Amino acid sequence: MKRQLFRIASRTVMRPLHRQMRGMTLGARTAAIDAERRVLLVRHGYSPGWNLPGGGVERGETVFVAALRELREEAGIVAEEEPRLHGFFCNHEQFPGDHIACFVLRRFVREPFKPSAEIAAAEFFAADALPSDTTAGTRRRIEEILFGRPVAHHW
């Protein structure tokens, strides 16, 4: 329980403060796309809007491992293949010095999902029926991946 509370405090308070003081950060997000071409989005308990699942790369972790860990932690998604790298993106507008590796995963299984203090919801949506409060960066990645739009290099 203490570890879980520390993790929540770390993500909601300490990480945002650290990002402002540190030179560069690296995150990983994944577009998990099911057989019906629906994409998995998560809604955090501490920030508005729907996003691709993901988070920070921990010390000693690769971006691939971080992407898979975050998918499982946030939505109960267990990969059945290695995710494919879609690209690296600058997220300077939200967090100066932040960069995000975005992956695509099409083969996976889903474990039971329970909302938590960190993740309020995790749902699949058709790409042409995303929630109105889906973040702009998330919308750009989905359009690039599913509709072949040109890749933008900012999140």
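Keep in mind that this is a model prediction, so the values were computed, not measured.
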Phe124: ring-ring contact (aromatic ring centres under 6.0 Å, His included) partners, not counting sequence neighbours: Phe108

Set of ring-ring contact (aromatic ring centres under 6.0 Å, His included) partners for Phe125, sequence neighbours left out: Trp50

Test item: Ile145 and Val39 side chains (from C-beta on) under 4.5 Å apart, heavy atoms: no

Exercise answer: donor-acceptor pairs, residues 76-84 side-chain atoms, under 3.5 Å, sequence neighbours excluded:
| unit_1 | atom_1 | unit_2 | atom_2 | d |
| --- | --- | --- | --- | --- |
| Glu81 | OE2 | Arg106 | N | 3.0 |
| Glu81 | OE2 | Arg107 | N | 3.2 |

Residue pairs involving residues 58-85 (criterion ring pair (Phe, Tyr, Trp, His ring centres under 6.0 Å); sequence neighbours excluded): Phe64-Phe103

Qualifying ring pair (Phe, Tyr, Trp, His ring centres under 6.0 Å) pairs with a residue from residues 132-155, counting only residues at least two apart or across chains: Phe89-Trp155

With [X], which residues qualify under side chain to side chain donor-acceptor pair (under 3.5 Å), at least two apart?
X	answer
Glu123	none
His44	none
Thr134	none

Residues Glu73 and Arg69 bridged, charged N to O under 4.0 Å: yes

Sequence-distant partners of Ala136, side chain to side chain contact (heavy atoms under 4.5 Å, CB included), two or more places apart: Arg140

Hydrophobic cluster partners of Val65 (side-chain heavy atoms under 4.5 Å): none

Salt bridge (Lys or Arg N to Asp or Glu O under 4.0 Å) partners of Arg29, counting only residues at least two apart: none

Partners meeting salt bridge (Lys or Arg N to Asp or Glu O under 4.0 Å) with Arg38 (sequence neighbours left out): Asp34, Glu36

